[in-house]
Amino acid sequence: MNNQKVRVRFAPSPTGPLHMGGVRTALFNYLFAKKHSGDFILRIEDTDQTRYVPGAEEYIMEALTWCGIKIDEGIKEGGEFGPYRKSDRKAMYKDYAYELIKSGNAYLAFDTSEELDAIRSDYEAKGETFTYNAETRDSLRNSLSMNDEDVQHLIDEGVKYVIRFKMQVNVDVTDVDLIRGSVTFNTDRLDDKVLFKSDGMPTYHLANVVDDHLMQITHVIRGEEWLPSMPLHVLLYEKLGWDKPTFAHLPLILKPVGKGKLSKRDGDKMGFPVFPLKWTDPKTNEVSSGYREDGYFPDAFVNMLAMLGWNPGTEQELFTKEELIAAFDLDRVGKSGSKFDPEKAKWFNHQYMQLRTDKELAAMFSLFLDEKDIDVELEYTTKVVCMLKERATFLPDIWEQGSYFFEAPTEYDAKTVKKRWKEGVPEMMQEIHDFLSSYSDEWVGATVKELFSAFVNEKEWGFGVVMNAFRLCIVGAPMGADLFDICEMIGKEESLLRIQNGIQNIQR
Ligand code: GLU
């Protein structure tokens, strides 16, 4: 790499929520930039006004922020190369389109969409495909097939036109892609793409090249679906007399099962999110789930995404952001698509749960308790988290597995009641209640257990019978941590209360 400062851009179109594939593209751009002490730019490509979705732009920015992908230049951040929203750059493109016309590399085309549709149908009827290119352009209505006077006449009359790129005949366009190596396209397979539309807006192709040039982008790292656009882009740089950036086309993220790209529709259908954040479609009100709302930690999500298509060349799977930046390289991004594995995503979250301190997790879990109007000391929550986190993948799992630490059971598991709450049990529990309420030593699980066991032995009760009934009163179900640990945590008073509640409320 030469001494030029690395500058990359993530250029999403605000046509809806950002798919996790898009987040990965942003992430790889970011990691690459930071690895080379470069800049990460967010450019919003709202070229297609008809597909603009309100809220999408904010969603994209919020998603990147959640992932810890810091934007160096963008709409909010500003920067020397703004504006960073394509529609705000509208006035910049026309001159370049005319420059291409002047150099003989572009032309005006007056064909209406109805005319082109009719031609397309004629071709289809003959079993052929119509392409607007060197073979057909002379028979169509454009500034190459018409004389200057006629062209001027149409312009003066206000007839609408587009500007098309004049694709050369039979030229091999070769470029070295950082992931795919040398890639060659023959221009005969390409069409005369529209560069500038009749509504005064550039198309993606022209705008993208102009912006990348003006913003001094050094590396264009984007999804594989843009690879077919590469020859046109390379030619545009050449015809405009500009140095082109280095391209890197990332492989697809594939469905967990079957074939093909992981699509926006797959997620909720298959039971996992495909979006980083929850999204409510402003038109249909349809809600799509998000990793954030499903309880994923942003660093776990980012780590998981980084491993989709990239590998460090070692067995290491867990990486902090800093480690990712240090280890990341486009050389280690594979050419073929990687299957998304939702179970692996959960595995990452579980790992990150274990890596976090109990205190950190407790602070996060407290927000969850706040929502339930449960008010406990952070120290208490920290102890609960410490006891349960090993078995938890998501924070709400701590509630699922340990709600009894925070509230008394309001229901009792019917199956267990039937099996364990036999005749004589309420009386037995009453005796246990009285024994424990006269218990005056320090209320420590292990000590209570010892004295309690001696008491049960003396009574010659079956330990299993006692413990099952006892657990039913305290937890409400045959699950949970060591019973005496629970009693220690919730305290003597609450333990006695729960036994009393059980005696009164458990119905066979
Ligand atoms: N606006 C394009 C998209 O939506 C950007 C493609 C590119 O990075 O060149 O993905």
Side-chain angles (χ1 to χ4, degrees), residues 8-13 15-32 40 42 45 56 59-60 63-64 66-69 177-180 219-230 247-279 288-294 296-313 317-319 321 324 327-349 351-352:
V8 300
R9 85 304 191 269
F10 175 51
S13 302
T15 53
L18 190 58
H19 180 262
M20 58 194 270
V23 184
R24 190 198 55 171
T25 301
L27 176 67
F28 283 13
N29 270 284
Y30 172 81
L31 295 175
F32 182 79
F40 172 78
L42 174 69
E45 298 210 321
Y59 180 98
I60 292 165
L64 296 184
W66 181 66
C67 292
I69 299 177
D177 182 284
L178 282 185
I179 294 167
R180 275 140 223 284
H219 295 78
V220 168
I221 305 166
R222 61 187 173 189
E224 174 181 285
E225 63 274 29
W226 300 104
L227 188 62
S229 301
M230 192 183 78
F247 289 99
H249 288 89
L250 304 174
L252 298 175
I253 298 182
L254 306 173
K255 294 180 200 299
V257 283
K259 282 195 196 130
K261 182 179 163 179
L262 180 69
S263 81
K264 297 194 176 190
R265 312 235 151 262
D266 289 331
D268 289 328
K269 219 169 55 192
M270 295 187 180
F272 57 84
V274 283
F275 300 120
L277 320 176
K278 185 170 136 186
W279 167 260
S288 306
S289 66
Y291 281 88
R292 180 177 67 184
E293 290 72 14
D294 273 18
Y296 280 83
F297 299 117
D299 41 9
F301 176 65
V302 162
N303 195 157
M304 179 275 291
L305 272 188
M307 307 304 276
L308 274 179
W310 171 77
N311 75 80
E317 287 189 283
L318 300 176
F319 288 84
K321 192 165 81 178
L324 279 177
F328 188 78
D329 211 325
L330 287 170
D331 291 354
R332 301 210 68 90
V333 173
K335 286 193 191 66
S336 48
S338 11
K339 260 192 180 158
F340 170 64
D341 177 358
E343 289 310 313
K344 191 74 188 185
K346 287 186 192 157
W347 178 86
F348 273 105
N349 215 59
Q351 296 299 316
Y352 273 78

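One is the number of the first residue; the rest follow in order along the sequence.
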Closest contact, heavy atoms only, [X] versus [Y]:
| X | Y | value |
| --- | --- | --- |
| Leu308 | Lys339 | CD2-O, 3.7 Å |
| Met304 | Ala345 | CG-CA, 3.8 Å |
| Gly309 | Ser338 | N-OG, 3.2 Å |
| Asn303 | Leu318 | OD1-CA, 3.3 Å |
| Pro12 | Leu42 | CD-CD1, 3.7 Å |
| Phe28 | Val333 | CE2-CG2, 4.1 Å |

Inset, instruction - Return the orientation label for the Phe328 and Trp310 ring planes: parallel under 30°, perpendicular over 60°, tilted otherwise. - result: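 Tilted.
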Inset, instruction - Kindly assign one of parallel, tilted or perpendicular to the pair Phe301 and Trp66, based on the angle between their ring planes and the thresholds 30° and 60°. - result: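 It falls in the tilted class, 30° to 60°.
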Legend entry - Partner residues of Lys335 under the side-chain hydrogen bond (donor to acceptor under 3.5 Å, both in side chains) criterion, sequence neighbours left out: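 Partners of Lys335 by the side-chain hydrogen bond (donor to acceptor under 3.5 Å, both in side chains) criterion come out as none, since no residue qualifies.
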Inset, instruction - Mark yes when over 12 heavy atoms from residues, nucleotides or ligands other than Lys264 sit less than 6.0 Å from its NZ; otherwise mark no. - result: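 For Lys264, atom NZ is crowded (more than 12 foreign heavy atoms under 6.0 Å).
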Rounded distance [0.5 Å steps], [atom1] in [X] versus [atom2] in [Y]:
| X | Y | atom1 | atom2 | result |
| --- | --- | --- | --- | --- |
| Leu252 | Arg24 | CG | CZ | 8.0 Å |
| Met20 | Leu262 | CE | CG | 5.5 Å |
| Glu45 | Phe10 | CD | CZ | 10.0 Å |
| Asp341 | Lys346 | CG | NZ | 9.5 Å |
| Phe247 | Leu178 | CZ | CG | 10.5 Å |
| Leu277 | Leu18 | CG | CG | 8.5 Å |

Inset, instruction - Look only at the side chain of His19 and the backbone of Gly21, and say whether a donor-acceptor pair between them is shorter than 3.5 Å. - result: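 Flag set: sc His19 to bb Gly21 pair under 3.5 Å.
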Legend entry - Tyr296 backbone acceptor or donor facing Asn349 side chain under 3.5 Å: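 Side chain of Asn349 to backbone of Tyr296: no pair is present.
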If we only count heavy atoms from C-beta on, is the [X] to [Y] side-chain gap below 4.5 Å?
| X | Y | result |
| --- | --- | --- |
| Lys321 | Val302 | no |
| Pro342 | Met270 | no |
| Arg9 | Asn29 | no |

Legend entry - Worked verdict on Cys67 versus Val23 for side-chain contact (heavy atoms from CB on, under 4.5 Å): CA-CA 9 Å; Cys67 292; Val23 184; 3.8 Å; yes
Legend entry - CA sep, side-chain torsions, deciding dist, call: Tyr291, Phe272, side-chain contact (heavy atoms from CB on, under 4.5 Å): CA-CA 8 Å; Tyr291 281 88; Phe272 57 84; 4.2 Å; yes
Inset, instruction - Verify whether the ring centers belonging to Tyr59 and Trp279 lie closer than 6.0 Å. - result: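 Centroid separation for Tyr59 and Trp279: below 6.0 Å.
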Inset, instruction - Only pairs at least two apart or in different chains count here, so list each salt bridge (charged side-chain N to carboxylate O under 4.0 Å, His left out) that has a residue in residues 296-309. - result: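 Residue pairs passing salt bridge (charged side-chain N to carboxylate O under 4.0 Å, His left out), neighbours aside: Asp299-Arg356.
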Inset, instruction - Test Tyr30 against every option in Thr25, Ile69, Leu64, Val8 by the side chain to side chain contact (heavy atoms under 4.5 Å, CB included) rule and name the one that passes. - result: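 In the set Thr25, Ile69, Leu64, Val8, the residue that makes a side chain to side chain contact (heavy atoms under 4.5 Å, CB included) with Tyr30 is Ile69.
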Inset, instruction - Not counting sequence neighbours, list each pair that qualifies as a side-chain hydrogen bond (donor to acceptor under 3.5 Å, both in side chains) and has a residue in residues 249-260. - result: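 Passing the test, one end in residues 249-260: Asp177-His249, Arg222-His249, Lys255-Asp266.
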Inset, instruction - Salt-bridge test for Glu317 and Lys344: reply yes if a basic N is under 4.0 Å from a carboxylate O, no otherwise. - result: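 Result for this pair is yes, salt bridge flagged.
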Inset, instruction - Carefully, step by step, assess Arg180 and Met230 under the rule side-chain contact (heavy atoms from CB on, under 4.5 Å). - result: CA-CA 12 Å; Arg180 275 140 223 284; Met230 192 183 78; over 6 Å; no
